Amino acid sequence: MTLYIEGLIKGPANEGMAQFQEMMRQQLESSMHTELEKLLDTAKAAEKEVSKKDFEGFKNLYHRFLQVKGPSIEWIKIKRPPEDSIQPYDKIAARGLPDNVADSLNKLVVVKLNGGLGTSMGCKGPKSLISVRNENTFLDLTVQQIEHLNKTYNTDVPLVLMNSFNTDEDTKKILQKYTHHRVKIHTFNQSRYPRINKESLLPVATGLAMTGQNAEGWYPPGHGDIYASFYNSGLLNELIAQGKEYIFVSNIDNLGATVDLHILHHLVSQPNGKRCEFVMEVTDKTRADVKGGTLIQYEGKLRLLEIAQVPKAHVDEFKSVSKFKIFNTNNLWISLAAIKRLQEDKAMDMEIIVNPKTLDGGQNVIQLETAVGAAIKCFDNALGINVPRSRFLPVKTTSDLLLVMSNLYSLDAGSLNMSPKREFPTTPHVKLGSSFTKVQEYLTRFESIPDMLELDHLTVSGDVTFGKNVSLKGTVIIIANHGDRIDIPAGSMLENKIVSGNLRILDH
């Protein structure tokens, strides 16, 4: 039915049909508003006010969703960004640092996107509470980094966590352990939007409570929601009143996203009329990053192009490393005053990402989402900075976890640094099979994390375990056939080896 409704309201039209489509859109919008009012009637007083604000944002997104016809990008209009709109990091760093680093730091707020759960790694609760190194969680490392800055420079850089309704309660419980650390920690919640039935284009939830069947009726609408929810929380204005000027936003699972003093200095030292309101850190694309969003010039503005916006005929071109050489790390530096202005002028414009999902009961729904980087086109004097790959160290899988737990990195005041003993600056390519997907299972398969200083490539598949003090070098491929098990003995050194089903070790 809905593909029918959606086709009807968004398909090509002559004049008569266009009028009919507009009538259908108005009808749908009116039905949606009625359903949202019914949902608000099920709320307790305090919850009602928060949900009302959330629903205002949702109505705006839904209205735009009904209006949008076809792709938001015309491929022919895409141009490469002008040379000076993406600066090499070395050029920014070459300017050096001022004597008064503390002055710059006191204008900064660190914001971490903390809305995600650890389910893809087999963990319950917020992803930020997974241990990644020496029993330290993502959140521990973040707090240590900022505390180190505050102690070193005698500053007051606060940490702000954007939680979702999935992570808020568990995160707040754990924050008590940081009360004696030299970091002020604030939290705010991103919005809670209703999932839409793919057939009727109306909400699937029947009440605001997060219990029973209704629990599946809600979702946090992507990190593009940061602008509205930060503003609505009152925290944005509070920080501006304290003299804060910029936020540094990043995903909490990107262990490379530490405060960079050179980028900060570049921002705060610009003359007033030329103030850069938005910096996106980008880095060179490798074949592993072909799906990452890239920066383009579009209708005279710097703009983020995501794979979801690319017409099917051009997807291969988008993935090409030669045409689109960089991708967005989602490390962003944004002016607080500019966010306030754009929110108050209702001028924040981000492309809608339509995310289809299937609920446990088999019902097909869609989620309307936005991405934080997509707002770059709304800010004045926006800039891309091409940073070293080391500033992009996301931990999305246990393969990534193995890298950051290994001797490839050393831990210093919450920051991971590549070991000077590693001869090449790139990280090895690691692919662990499905037996390693869940963190608990992954941990039981390593008696100790192998020495990986000279590793280029590791593939492990099937039922494989590693003894203590194993050393891996060059290209190592270990494949246990179905029903077989391979135990790599303690103290083994595998260099350019293929280990297969019955523990035959072959030279690679």
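Computed from a predicted model, the values in this text were never measured in an experiment.
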Using side chain to side chain donor-acceptor pair (under 3.5 Å) as the criterion, list what pairs up with [X], not counting sequence neighbours.
{"X": "Thr142", "answer": "none"}
{"X": "Asp170", "answer": "none"}
{"X": "Arg195", "answer": "Gln367"}
{"X": "Ser415", "answer": "none"}

Taking [atom1] in [X] as the centre, count heavy atoms belonging to other residues, nucleotides or ligands within less than 6.0 Å. Is the count above 12?
{"X": "Lys184", "atom1": "NZ", "result": "no"}
{"X": "Glu299", "atom1": "CD", "result": "yes"}
{"X": "Lys325", "atom1": "NZ", "result": "yes"}
{"X": "Lys301", "atom1": "NZ", "result": "yes"}
{"X": "Lys396", "atom1": "NZ", "result": "yes"}

Restricting to ring-ring contact (aromatic ring centres under 6.0 Å, His included), what partner residues turn up for [X], sequence neighbours left out?
{"X": "Phe248", "result": "Trp333"}
{"X": "Phe55", "result": "none"}
{"X": "Tyr89", "result": "none"}
{"X": "Phe138", "result": "none"}

Salt-bridge present ([X], [Y]; N to O < 4.0 Å):
{"X": "Glu344", "Y": "Lys340", "value": "yes"}
{"X": "Arg341", "Y": "Glu277", "value": "yes"}
{"X": "Asp253", "Y": "Lys127", "value": "yes"}
{"X": "Glu245", "Y": "Arg275", "value": "yes"}
{"X": "Lys77", "Y": "Glu74", "value": "yes"}

Mind checking the [atom1]-[atom2] spacing from [X] to [Y]? Nearest 0.5 Å is all I need.
{"X": "Gln297", "Y": "Ile78", "atom1": "CD", "atom2": "CD1", "value": "11.5 Å"}
{"X": "Leu175", "Y": "Lys177", "atom1": "CG", "atom2": "NZ", "value": "10.0 Å"}
{"X": "Thr258", "Y": "Leu141", "atom1": "OG1", "atom2": "CG", "value": "11.5 Å"}
{"X": "Glu29", "Y": "Lys59", "atom1": "CD", "atom2": "NZ", "value": "9.5 Å"}
{"X": "Tyr62", "Y": "Ile196", "atom1": "OH", "atom2": "CD1", "value": "6.0 Å"}
{"X": "Phe379", "Y": "Leu332", "atom1": "CZ", "atom2": "CG", "value": "9.5 Å"}

Say whether [X] and [Y], considering side chains only, have a donor N or O and an acceptor N or O under 3.5 Å apart.
{"X": "Thr137", "Y": "Asp140", "value": "yes"}
{"X": "Asp284", "Y": "Asn386", "value": "yes"}
{"X": "Asn114", "Y": "Ser128", "value": "yes"}
{"X": "Ser191", "Y": "Asp225", "value": "yes"}
{"X": "Thr155", "Y": "Asn150", "value": "yes"}

Is the backbone N or O of [Y] less than 3.5 Å from a side-chain atom of [X], with the two atoms forming a donor-acceptor pair by type?
{"X": "His148", "Y": "Ala413", "answer": "no"}
{"X": "Arg389", "Y": "Thr426", "answer": "no"}
{"X": "Thr179", "Y": "Gln176", "answer": "yes"}
{"X": "Asn232", "Y": "Ala228", "answer": "yes"}
{"X": "Tyr227", "Y": "Val372", "answer": "yes"}
{"X": "Thr294", "Y": "Ile326", "answer": "yes"}
{"X": "Thr398", "Y": "Phe436", "answer": "yes"}
{"X": "Asn254", "Y": "Leu393", "answer": "yes"}

Looking at every heavy atom in both [X] and [Y], which two are closest together, and how far apart are they?
{"X": "Thr171", "Y": "Pro126", "value": "OG1-CG, 3.8 Å"}
{"X": "Ser104", "Y": "Val268", "value": "OG-CG2, 3.4 Å"}
{"X": "Ala374", "Y": "Glu351", "value": "CB-OE1, 3.7 Å"}
{"X": "Asp156", "Y": "Asn106", "value": "N-OD1, 3.0 Å"}

Quick check: do [X] and [Y] have side-chain heavy atoms less than 4.5 Å from each other?
{"X": "Ser51", "Y": "Arg192", "value": "yes"}
{"X": "Asp84", "Y": "Leu383", "value": "no"}
{"X": "Lys124", "Y": "Leu117", "value": "no"}
{"X": "Ile247", "Y": "Phe230", "value": "yes"}

*What class does the angle between the rings of His181 and Tyr178 fall in, given that below 30° is parallel, 30 to 60° is tilted and above 60° is perpendicular?*
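Plane angle over 60°, so perpendicular.
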Side chains of residues 91-102: which donor-acceptor partners sit under 3.5 Å, not counting sequence neighbours?
{"residue": "Lys91", "atom": "NZ", "partner": "Gln87", "partner atom": "OE1", "Å": "3.2"}
{"residue": "Arg95", "atom": "NH1", "partner": "His266", "partner atom": "ND1", "Å": "3.0"}
{"residue": "Arg95", "atom": "NH2", "partner": "Ser269", "partner atom": "OG", "Å": "3.2"}
{"residue": "Asn100", "atom": "ND2", "partner": "Asp103", "partner atom": "OD2", "Å": "2.9"}

*Residues in side chain to side chain contact (heavy atoms under 4.5 Å, CB included) contact with His314, at least two apart in sequence or another chain*: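 In terms of side chain to side chain contact (heavy atoms under 4.5 Å, CB included), with neighbours along the sequence ignored, His314 is linked to Trp75, Val310, Pro311, Glu317.
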_side chain to side chain contact (heavy atoms under 4.5 Å, CB included) partners for Ile353, two or more places apart_ =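 Only Glu369, Ala371 meet the side chain to side chain contact (heavy atoms under 4.5 Å, CB included) criterion with Ile353.
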*Would you sort out whether Lys52 and Glu47 count as a salt bridge (Lys or Arg N to Asp or Glu O under 4.0 Å), showing the intermediate values?*
CA-CA 9 Å; Lys52 232 178 188 167; Glu47 197 180 31; over 6 Å; no
*Sequence neighbours excluded, every pair satisfying side-chain hydrogen bond (donor to acceptor under 3.5 Å, both in side chains) that has a member inside residues 400-409*: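 Applying side-chain hydrogen bond (donor to acceptor under 3.5 Å, both in side chains) to every pair that reaches into residues 400-409, excluding sequence neighbours, yields Thr397-Asp400, Asn407-Asp451.
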